[in-house]
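By convention here, the first residue in the shown sequence is residue 1. Everything numeric in this text was worked out from a predicted model, so none of it was measured. Whatever order the structure lists ligands and atoms in, that order sets their numbers, starting from 1.
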Amino acid sequence: MCGIVGYIGKRDVAPLLLEGLQRLEYRGYDSAGIVIAGKSGGLKAVKAKGRVRELEARVPKRFAGTTGIAHTRWATHGAPSDVNAHPHLDTEGKVAVVHNGIVDNASELRAKLEADGVVFASETDSEVITHLIARSQAASLEEKVREALKVIEGTYGIAVMHADFPDRIVAARNGSPVVLGIGEKEMFVASDVAALISHTRQVVTLDDGEMATLKADDFRTYTTSGTRTTATPETVEWEAASYDMGGHDTYMHKEICEQPDAVDRVLRGRIDDKFSTVHLGGLNLDAREARGIRRVKILGCGTSYHAGMIGASLVEGLARIPADSEPASEFRYRNPVVDPDTLYIAVSQSGETYDVLAAVQELKRKGARVLGVVNVVGSAIARETDGGVYVHAGPEVCVVSTKCFTNTVVAFALLALHLGRIRDLSVADGKRIIEGLRALPEQIQQILAQEEDIKKLAAEYAEAKSMMFIGRVRGYPVALEASLKLKEISYIHAEAYPASELKHGPLALIEPAMPTVAIVPDDSLLEKNRAAMEEIKARSGRILAVAHREQEKADHTILVPKNEDELDPILMGIPLQLLAYHTALALGRDIDKPRNLAKSVTVE
Ligand code: AGP
């Protein structure tokens, strides 16, 4: 959730770290801090509640040094404030720690340390790590950190500096990502490649239980028990420019507009016209195994859970395998029956979401086969699963997901087609779906071309205090996702219901001040959807339909190009991303950084 960046080398460190923090701000943005090794020895720290720009304003002109670590925070323990911001320093100001994750036994450790006379400055769980390191009698910094980590329960990605060891930064990982950036006589450490990609594309991703020592011209990795590990730098494929706004006012707008290219990317090189199927290189599932699958269970959170719902209907529709999607956060706590003939699929754009990762680990422990549908290459979930499909959306910086959602659903369509063609999907149907997939980028472009009209509609609906979203079967997850998007960035309350459930309760909410967005594809349920709109109209409700043809019962219709029935949900969600965007814009919201949210939820 929070962001870490550190540097050791020859360059002036403060501007480098502040730039890194700006790039990481999407991970958490309630406070930030920086510590550097001063030229005359000792550590110098500055912290500030608020955004990175607040921190930048506080950093003094004379803040010179060539080694430092910095952090941008999303509060878990302790409110956002100057003191609760990282880095946390010990009482003597010799040890500085930045931490992502949660120390589960922090209260117990804190009580012990306080009983020994340690005075805490903050309310955070992270500060215990600092004091444990500071109190260690071990000779080396590595050993001090190792001793501290031995008593810590929970998750961490940390970077540590010590005034007595100014030639190094020590990092460690358990459950929260840590990557090392390898440069020419300079090294970086970060929680995310976003922070270092403009300086080096050579990275080493630490595994859980791994530590690293970074010096200006050298690095080494080893386990928390001290055994050396081999770390070969890999080249990051994503371009530094992908993290820029590219002339748009917000990342969200940029990412919505990138969808035709992103979809093109997830399809590229995967379609096999000869057999009307697709090749998915990293699946690690042979045809015999694919034929033996009796159920598919998809697990994800938030938007990824919704993408999984559409994925389940694709798998069920094309491969005729019973499939469903469940919030990973619920699944892992209900002691689920783990069935050897079920294929489990973990969905996560970041590949870091803790609830998804924990569900994967629980499933693996019980011997299940788990695949991943993930955007971030080499992320924790990608590494933990037995195989999977990368969604190739490119970096998504806005906290709310748009292009990753779309690409995830397309990746599911590829997987469903692949499984279908191994099972009972005909060549003709395979061909039909492939043609539909190929049409998507151009059709998305046609939807994006309607932005001005959608903007006008958004201005009209932005005054609503609450909105209803309805859809049936394939349209229902589209409604769920659209309502989540609106809530996340406009803060307008929104409910999503299957249209069929309206008269079982939510119809009571309908009145002129509660507009409804109805998903009305031209499919076998068209008349049923029209009947639901009748019911709303009869109660004086306003309706905005997203449909393939003009809807008489609706006050407004956004027209979407028709694709194959199975693929229609991919297109129907896109105008509603724009609707949420322009509603939030009309209300003056901070679109890329909505209140209380962070991009990757790496804690429970
Ligand atoms: C997306 O708009 C949300 N910010 C959120 O629901 C997100 O999808 C969820 O936290 C899961 O994230 P993941 O895909 O990175 O696992």
Side-chain angles (χ1 to χ4, degrees), residues 1 3 25-29 74 100 175-177 191-192 194 250-253 255-256 259 298-311 325-332 345-361 370 372-385 388-409 411-412 477-478 480-491 494 496 573-574 576-577 579-581 584 589-604:
M1 324 260 313
E25 218 178 10
Y26 71 110
R27 300 180 70 97
Y29 34 86
W74 187 89
N100 286 358
S176 284
S191 50
D192 185 323
T250 61
Y251 281 106
M252 183 175 182
H253 193 261
E255 287 156 7
I256 290 174
Q259 290 176 107
I298 300 168
L299 300 166
C301 294
T303 291
S304 288
Y305 157 57
H306 298 155
M309 288 175 83
I310 305 178
S325 176
E326 184 178 340
S329 44
E330 290 287 292
F331 175 84
R332 57 183 284 246
I345 304 179
V347 194
S348 174
Q349 75 63 37
S350 61
E352 284 176 27
T353 302
Y354 184 75
D355 280 318
V356 184
L357 184 62
V360 171
Q361 288 167 342
V370 194
V373 174
V374 171
N375 190 42
V376 179
V377 175
S379 56
I381 293 167
R383 285 145 70 105
E384 195 80 33
T385 44
V389 187
Y390 278 121
V391 311
H392 294 312
E396 191 177 67
V397 177
C398 177
V399 165
V400 300
S401 182
T402 52
K403 64 173 180 170
C404 273
F405 170 77
T406 301
N407 267 37
T408 301
V409 179
F412 268 114
V478 176
L480 274 171
E481 174 56 16
S483 96
L484 176 65
K485 210 93 301 173
L486 186 77
K487 278 186 270 234
E488 284 182 306
I489 55 166
S490 74
Y491 317 148
I574 288 170
L576 297 175
Q577 296 172 349
L579 185 79
Y581 176 78
R589 307 298 191 220
D590 189 347
I591 290 176
D592 283 336
K593 297 186 180 72
R595 70 183 178 204
N596 306 339
L597 300 180
K599 184 73 179 162
S600 308
V601 186
T602 53
V603 293
E604 249 184 289

Peer 1: For atom 3 (C) of ligand 1, grab the closest protein heavy atom and report residue, atom and distance to one decimal in Å.
Peer 2: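 Answer, as residue, atom name and distance: Glu488 OE2, 3.0 Å.
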Peer 1: Checking the N or O distance criterion of under 3.5 Å, is ligand 1 in contact with Val399?
Peer 2: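 It does: an N or O of Val399 is found under 3.5 Å from an N or O of ligand 1.
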Peer 1: Counting distance only, does the side-chain N/O of Lys487 pair as donor-acceptor with the main-chain N or O of Ala494 below 3.5 Å?
Peer 2: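 Looks like yes, one N/O pair under 3.5 Å.
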Peer 1: Of all the heavy atoms in Glu352, does at least one lie under 4.0 Å from an atom in ligand 1?
Peer 2: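 Glu352 does not count as a contact of ligand 1 under the 4.0 Å cut-off.
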Peer 1: I'd like the name of whichever of Asn375, Val347, Thr353 reaches closest to atom 12 (O) of ligand 1 through any heavy atom.
Peer 2: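 Comparing heavy atoms across Asn375, Val347, Thr353, the nearest one to atom 12 (O) of ligand 1 lies in Thr353.
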Peer 1: Do you know the tightest heavy-atom contact between Phe331 and Glu326?
Peer 2: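 The answer is CA-OE2, 3.3 Å.
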Peer 1: From atom 11 (C) of ligand 1, work out which of Ser401, Ser348, Ser350, Cys301 has a heavy atom at the shortest distance.
Peer 2: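 Result: the heavy atom closest to atom 11 (C) of ligand 1 is in Cys301.
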Peer 1: Taking all atoms of both residues into account, what is the closest heavy-atom pair of Gly378 and Ala382, and its distance?
Peer 2: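 Heavy atoms only, the tightest pair is N-CB, 4.1 Å.
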Peer 1: Would you say the side-chain atoms of Glu255 pair up with the backbone N or O of Cys398, donor to acceptor, closer than 3.5 Å?
Peer 2: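 Yes, the answer is positive, given that a donor and an acceptor are paired below the 3.5 Å cut-off.
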Peer 1: Side chain of Glu488, backbone of Pro594: donor and acceptor closer than 3.5 Å?
Peer 2: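 Not at all, since once roles are kept as given, no pair shorter than 3.5 Å links the two residues.
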Peer 1: Identify the heavy atoms of Pro477 and His306 that sit nearest to each other, and give their distance.
Peer 2: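 What the structure gives for the nearest pair is CB-O, 4.0 Å.
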Peer 1: Tell me: protein heavy atom nearest atom 10 (O) of ligand 1, and distance?
Peer 2: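 Closest protein heavy atom to atom 10 (O) of ligand 1: Val601 CG2, 3.9 Å.
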Peer 1: Within a distance under 4.0 Å of any heavy atom of Ser304, pick out the atoms of ligand 1 and give their elements.
Peer 2: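 So the answer, numbered in order with elements, is 8 (O), 13 (P), 14 (O).
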Peer 1: So, does Tyr491 use its side chain to make a donor-acceptor pair with the main chain of Arg589 at under 3.5 Å?
Peer 2: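 No; zero donor-acceptor contacts below 3.5 Å.
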Peer 1: What atoms in ligand 1 come closer than 4.0 Å to a heavy atom of Gln349?
Peer 2: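 Heavy-atom distances to Gln349 below 4.0 Å select 13 (P), 14 (O), 15 (O), 16 (O).
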Peer 1: For ligand 1, which atoms have a heavy atom of Lys485 less than 4.0 angstrom away?
Peer 2: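 Numbered from 1, ligand 1 contributes 2 (O).
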Peer 1: Can you list the atoms of ligand 1 that are under 4.0 Å from a heavy atom of Gly302?
Peer 2: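 So the answer, numbered in order with elements, is 6 (O).
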Peer 1: Going through the checks in order, is the side-chain hydrogen bond (donor to acceptor under 3.5 Å, both in side chains) test met by Thr402 and Tyr581?
Peer 2: CA-CA 10 Å; Thr402 52; Tyr581 176 78; over 6 Å; no
Peer 1: Just jot down the ligand 1 atoms closer than 4.0 angstrom to any heavy atom of Thr303, in number order.
Peer 2: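 In order of numbering, the contacting atoms are 1 (C), 2 (O), 6 (O), 8 (O).
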